[in-house]
A.B. asks: 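Dropping a structure here in structure tokens format, bear with me for questions.
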Amino acid sequence: MLVRLMYASRAVEPLGPAALVAILRRSHAHNPAAGITGVLCHSGSIFLQVLEGGRSQVSALYNRIAADPRHHDVVLLSYEEIAERRFAGWAMGQVNMKMLNPALLLKYSETAVLDPYAVSGKVSAALFDELIATAAVTCQST
Ligand SMILES: Cc1cc2nc3c(=O)[nH]c(=O)nc-3n(C[C@H](O)[C@H](O)[C@H](O)COP(=O)(O)O)c2cc1C
């Protein structure tokens with residue numbers, strides 16, 4: 001039973017490179033053993049993360065992440081049962097929005113600023129699909 005979950009949140013403090021590396025390091029240490037794959041997108045203080053895997057594992061991880069004091073305003077954007085993974089290659093891929101063509105953001109939103117609170121879960125999912133198609137996802141070597 002595979003599921004895919006997407007949520008948005010806001011970092012409590014401006015996100016420095018060290019803070020992001022710490023999160024990705026934890027993800028790479030934990031996610032493979034739990035069979036979790038996904039992508040973490042960050043822009044300014046906004047996080048957008050997709051988690052895929054077994055229903056219990058995704059649920060447990062989401063609850064743990066939601067309780068993490070490093071971010072707040074955690075909002076569930078979408079949750080679905082899936083036949084196959086979309087991000088099978090990434091224990092936790094990373095999208096740095098600074099490296100993105102603003103045209104991709106403009107395609108789906110009013111301004112070239114990532115704001116998952118202002119668009120539907122479907123729009124955020126469509127943006128993610130394009131990020132994968134344009135290979136904008138990188139893997140942090142930690
Ligand atoms: C935006 C964000 C994304 C995170 N993503 C993951 C993740 O994919 N996997 C993970 O294990 N922890 C992730 N974490 C960290 C968890 O919230 C939590 O700190 C960690 O799982 C606790 O692990 P520990 O109890 O072994 O220290 C994330 C935290 C934040 C703020």
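Ligands are counted one by one from 1 in listed order, and the atoms in each one are counted from 1 as well.
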A.B. asks: Can you give me the closest heavy-atom contact between Gly54 and Leu2, atom names plus distance?
C.D. replies: N-CD2, 4.2 Å
A.B. asks: Starting at CD of Gln94, measure out to CD of Gln49 and round the result to the nearest 0.5 Å.
C.D. replies: 11.5 Å
A.B. asks: Which atoms form the tightest heavy-atom contact between Ile82 and Arg4, and what is the distance?
C.D. replies: CG2-NH1, 3.5 Å
A.B. asks: Near ligand 1, which protein residues have a heavy atom under 4.0 Å away?
C.D. replies: Tyr7, Ile23, Arg26, Ser27, His30, Asn31, Phe47, Gln49, Leu61, Arg64, Ile65, Asp68, Arg70, His71, Met92
A.B. asks: Looking at Tyr117, does the NZ or CZ of Arg10 lie under 6.0 angstrom from its six-membered ring centre and within 45 degrees of the ring axis?
C.D. replies: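 Satisfied, under 6.0 Å and within 45°.
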A.B. asks: Apply side-chain hydrogen bond (donor to acceptor under 3.5 Å, both in side chains) to Lys107 and list each qualifying residue two or more places apart in sequence or on a separate chain.
C.D. replies: Glu130
A.B. asks: Scan Val3, Thr37, Val58 and name whichever one has a side-chain contact (heavy atoms from CB on, under 4.5 Å) with Leu51.
C.D. replies: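 Single pass found, and it is Val58.
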